[in-house]
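Structure first, then comments.
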Amino acid sequence: MSGSPEGDGSASPTLTVPRGTLLRSRVVSDVGTTLSRALDRGLTGYATLVPQETLLLSGKARGVLTFEDGVPVLAYNTVTDSGGPDALAELAVPGPYRVELYAVDRSGLAAAHEEESLRVAPDAAATELADDAALAERTRDAAPGERLRDGDDEDDDRIDAIREQARAEARDRAAEWGLDDALDGSAELDGDDADAAAGDGAVSGGAVDR
């Protein structure tokens with residue numbers, strides 16, 4: 001299915017997962033509750049997260065977060081068609097949420113989990129949606145080694161993007177001030193300045209689960 005269970009297949013990228021067995025359906029105020037439950041039971045399956053009231057997502061968003069052995073793998077927002085870290089950022093809004101948790105056979109998620117553009121770091125959901133450092137650490141501990149390496153690569157890509165944005169903004173300011181020549185050849189941010197800019201640009205998400 002595309003984006004969410006039984007979608008129409010028109011979105012790109014496409015998230016295709018079977019319906020699965022419904023384990024629980026309720027309204028929650030803290031997404032960490034759902035993430036912790038999935039981790040404790042080593043769930044392979046997915047959760048749907050629907051913010052009850054949010055102007056950002058028009059109150060109609062449905063987020064899909066998949067799990068393998070309790071560790072989050074993919075995130076997708078079926079309203080904006082965003083996947084991966086972008087989807088988590090869009091879903092990190094005040095709750096409550098209506099959450100449905102489904103169990104799915106591992107083979108039923110195998111194809112979906114090959115979609116690299118939808119992947120998130122193992123601890124990203126705990127950090128972005130629940131703002132729970134302890135849960136993030138527990139999730140990292142439970143994640144296989146290759147998933148932790150994926151998370152490190154994702155962090156590196158994010159820092160590189162922030163650095164590039166900082167450089168572009170510096171060039172724009174220099175152009176406004178007539179200092180273009182000062183940037184030629186030597187004005188790119190050095191490592192320390194770029195790291196500082198990356199730190200300033202970090203987004204801390206706080207959302208509620210159900």
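The model shown is predicted, which means the values in this text are computed figures rather than measured ones.
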Using every non-hydrogen atom in the two residues, find where [X] and [Y] come nearest and quote the distance to one decimal.
X	Y	answer
Pro18	Gly108	CD-O, 3.2 Å
Glu128	Ala92	O-CB, 3.4 Å
Val71	Pro122	CG1-CB, 3.6 Å
Leu39	Ala142	CD1-CB, 3.7 Å
Thr78	Asp81	O-OD1, 3.8 Å
Pro72	Ala125	CG-CB, 4.2 Å

Got [X] and [Y] here, is their nearest side-chain heavy-atom distance under 4.5 Å?
X	Y	result
Leu109	Val17	yes
Leu91	Tyr76	no
Val73	Phe67	no
Leu135	Asp123	no

Exercise. Short question: side chain of Arg24, backbone of Glu100 - any donor-acceptor pair under 3.5 Å?
Worked result: no
Exercise. side-chain hydrogen bond (donor to acceptor under 3.5 Å, both in side chains) with Arg106: which residues, sequence neighbours excluded?
Worked result: Glu68, Asp69
Seminar exercise, completed: Applying side-chain hydrogen bond (donor to acceptor under 3.5 Å, both in side chains) to Arg138 and not counting sequence neighbours gives Ser36, Asp40
Euclidean distance, [Y] [atom2] relative to [X] [atom1], rounded to 0.5 Å:
X	Y	atom1	atom2	result
Thr127	Asp132	OG1	CG	8.5 Å
Arg119	Thr66	CZ	OG1	9.0 Å
Thr34	Leu49	OG1	CG	7.0 Å
Leu23	Leu43	CG	CG	6.0 Å
Leu35	Leu65	CG	CG	6.5 Å
Leu118	Leu74	CG	CG	5.5 Å

For this session: Determine whether more than 12 heavy atoms belonging to other residues, nucleotides or ligands lie under 6.0 Å from atom CZ of Arg140.
Result: yes
For this session: Dump the intermediate steps for side chain to side chain contact (heavy atoms under 4.5 Å, CB included) on Thr44 and Val104, then the final yes or no.
Result: CA-CA 6 Å; Thr44 294; Val104 176; 5.5 Å; no
